[in-house]
Amino acid sequence: MFTLIFTCLTFIIFGKLLIFAIKASWGLAKILVTVLFLPFILIVLVIAGLIYLAVPLLLAAGVFSLIKTHR
């Protein structure tokens, strides 16, 4: 009986920890994309001569960041 209770509680605790880890890694991934990869991609597009594609992406990101509310 105690083994069953211990097993159930163990799954509940590690399930919650797994959900927390997924949420934390998703937040970290969003930060990495915003701070590192988006500027790098825009610079590479400009260097490659695709400024007609980089400018609308930059404008869309700027408008989105202005409209988005911070929590």
Side-chain angles (χ1 to χ4, degrees):
M1 185 66 181
F2 286 122
T3 305
L4 181 63
I5 292 172
F6 179 78
T7 305
C8 289
L9 291 175
T10 303
F11 281 126
I12 290 171
I13 289 171
F14 285 112
K16 288 185 179 188
L17 286 173
L18 178 67
I19 291 171
F20 175 72
I22 291 171
K23 287 182 182 180
S25 65
W26 177 248
L28 183 63
K30 288 192 296 186
I31 290 170
L32 282 176
V33 167
T34 304
V35 174
L36 293 177
F37 296 135
L38 183 62
F40 179 73
I41 290 171
L42 289 174
I43 290 169
V44 169
L45 285 173
V46 169
I47 291 172
L50 298 173
I51 198 158
Y52 61 88
L53 184 61
V55 171
L57 284 175
L58 182 61
L59 288 174
V63 169
F64 179 74
S65 67
L66 287 174
I67 292 174
K68 184 180 176 186
T69 58
H70 298 287
R71 294 184 214 175

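Remark: Leu45 CG to Phe40 CZ distance equals 10.0 Å, nearest 0.5 Å. To the nearest 0.5 Å, the span separating CD1 on Ile51 from CG on Leu42 amounts to 10.5 Å. We find the CG-CG distance between Leu32 and Leu38 to be 12.5 Å, quoted to the nearest 0.5 Å. Residue Phe20 holds its CZ atom at 14.5 Å from CZ of Phe14, rounded to the nearest 0.5 Å.
Hydrophobic clustering keeps Leu50 apart from Val55 (ILVMFWY residues linked when any side-chain heavy atoms are closer than 4.5 Å, directly or through intermediates). When hydrophobic clusters are built by joining Ile, Leu, Val, Met, Phe, Trp and Tyr residues whose side-chain heavy atoms come closer than 4.5 Å, directly or via intermediates, Leu58 is grouped together with Tyr52.
Of the residues listed (Ile19, Ile12, Ile13), the one engaging Lys16 in a side-chain contact (heavy atoms from CB on, under 4.5 Å) is Ile12, and it is the only one. The side-chain contact (heavy atoms from CB on, under 4.5 Å) test with Thr7 is passed by exactly one of Ile5, Thr3, Leu9, Thr10: Thr3.
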